[in-house]
Every structure is written in C-alpha cells, then in structure tokens.
Amino acid sequence: MQNPKPVAVTAPVIIAVVLLITAAVAFFATLLIFSPSNPTEEATSQLADDYAEVTDRLLAIGDASRAEPLLEKYACIACHRLGGERVAPPWENVPNIAADRRPPLTAAEYVYESIIHPGAYLVEGYPPSMPQDYAGRMSEQEIADVLVYLLNSEP
Ligand code: HEC
C-alpha cells in the first residue's frame, strides 16, 4: 500500500462514469421508444397496405353515376354543400389534393379513410364534426360508388 490515493479517487470516478453511461443509455432508449415519427410513419404505411386491399376492390366495383342519391341519403351534402357556408371542405379539389393529403396514402386510400374513419386526419381549419359511423351504415357498394364519384368527377 504505497499509494492508496489513486484508489480513493478512482472509486467515485468509476461510479460517476457508470451513472453517466446509465443515464445516456436510458436517454437514447427513451428517444428510440418515444420517437414520434417512427411509429406514426410505420402505422400509416401499415394502414395504407390495409386500405389498398379494400380500395382496389372498391375502385373495380364503384359506379359514379349511382353516387348522387347516396350523398343525399347519407346527408353528405348537408355539410359538403357547394357554395354553402364552410362547415366542411368543398369537394371540388378532392381529385387534385387527395393524393398529397396524407402520404403514403394514395388518393383512393385517403378518400376511403375520410369516409370510414374521418378522425384519422383532420383537414386544417375544420372541426371533427363528420359522422364517425359511415363504415357501419354504408354498404361496400355504396362506399365504392361515392369513392369513385369523389375521385373522378367535379361535384
Ligand atoms: C356533419 C357534417 C358532415 C357530414 C354529414 C359529412 N361530412 Fe365529410 N367532412 C366534414 C368535415 C367537417 C370535414 C373536415 C374535417 C375532417 O377532415 O374530418 C370532412 C371531410 C371530408 C373529406 C375529406 C376532404 C378533404 O378535403 O380532404 C371527405 C372526402 C368527406 N368528408 C366525405 C364525406 C362523405 C362521402 C360524406 C357522406 C357519406 C360526408 N363527408 C359527410 C363534415 C361532414
């Protein structure tokens, strides 16, 4: 024991270093786990895959010429009335903007989601007032007809 001093100094240093490493690991683990972008992006592209299976089928069976009575039956035009007061976004631009609203959703996937799950994405400046129960009330054929109408026509 000629030199006990380094031992006395080393122990606190080791403890400090261990604490620092633990804190750093905990910090980066938290960053990884709670990173807002990763899980959201993954969830959205998973959604896109799920929707794609349905929208491919809907696009094949949809008939825009049958849509107008449905827009009345389900009161869509009560809120989305052309030229009316702005309780809901106008549809004229849907064919142009739908593909860019919520990447990676395609235009068809976005419009489909807007109908069956309106809360998933809110158009800026509008309240979450769209009915949430269309998925249960509309048949697949009806959703298909409205989807094709909104994507292709100038309502
Ligand atoms: C009670 C009012 C109301 C009714 C009824 C309603 N919507 Fe909406 N809709 C909204 C509002 C408000 C928004 C914007 C907020 C949001 O994104 O949910 C919206 C958004 C949308 C969008 C997205 C538009 C965009 O620019 O991105 C589509 C598509 C849509 N609605 C289709 C429909 C269809 C189809 C129906 C009928 C089956 C319907 N809506 C019925 C209020 C309504």
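Counting starts at 1 for both ligands and their atoms, following the listed order. Along the sequence shown, residues are numbered consecutively beginning with 1.
Remark: minimum distance from atom 26 (O) of ligand 1 to any protein heavy atom is reached at Arg101 NH2, 2.8 Å. Scanning the protein for heavy atoms near atom 35 (C) of ligand 1, the closest one is Val146 CG1, 3.5 Å. In terms of protein heavy atoms, atom 17 (O) of ligand 1 is closest to Val123 N, 2.9 Å. Distance from atom 41 (C) of ligand 1 to its nearest protein heavy atom, with residue and atom name: Tyr134 OH, 3.4 Å. Nearest protein heavy-atom contact of atom 18 (O) of ligand 1 is Leu122 CD2, 3.4 Å. Considering only non-hydrogen protein atoms, atom 27 (O) of ligand 1 sits nearest to Tyr110 OH, 2.4 Å.
In this structure, the side chains of Tyr149 and Leu71 come closer than 4.5 Å at one or more pairs of heavy atoms. Contact of the Leu151 side chain with the Leu59 side chain is registered, since non-hydrogen atoms from C-beta on lie closer than 4.5 Å.
Nearest heavy-atom pair across Ala67 and Val146 is CB-CA, 4.2 Å. Considering every non-hydrogen atom in both Tyr126 and Pro90, the closest pair reads OH-CD, 3.8 Å. The shortest heavy-atom contact between Ser129 and Val87 is OG-O, 4.4 Å.
Taking distance alone, with nitrogen or oxygen atoms compared against 3.5 Å, Tyr126 stays at or beyond that limit from ligand 1.
Following chains of ILVMFWY side-chain contacts shorter than 4.5 Å, one cannot reach Ile97 starting from Leu150, and the two form parts of different hydrophobic clusters.
Note on ring orientation: taking the six-membered ring where Trp is involved, the planes of Trp91 and His80 are parallel (angle under 30°, cut-offs 30° and 60°).
Atoms of ligand 1 found under 4.0 Å from any heavy atom of Val87, numbered from 1 in the order shown, are 12 (C). Less than 4.0 angstrom separates some heavy atom of Ser129 from each of these atoms of ligand 1: 1 (C), 12 (C). Within the listing of ligand 1, atoms 12 (C), 15 (C) sit less than 4.0 angstrom from a heavy atom of Pro127.
Here Leu71 has no heavy atoms under 4.0 Å from ligand 1, in either its backbone or its side chain.
Panel note: side chain Tyr74, backbone Arg137; a donor-acceptor pair is recorded below 3.5 Å. The backbone N or O of Leu58 sits nowhere less than 3.5 Å from a side-chain atom of Glu140 that would complete a donor-acceptor pair. Asp145 contributes a side-chain N or O that, together with a main-chain N or O of Asp63, makes up a donor-acceptor pair within less than 3.5 Å.
Around atom 8 (Fe) of ligand 1, protein N, O or S atoms at less than 2.8 Å number 2.
For Glu113 and Tyr51, the side-chain atoms include at least one donor-acceptor pair closer than 3.5 Å.
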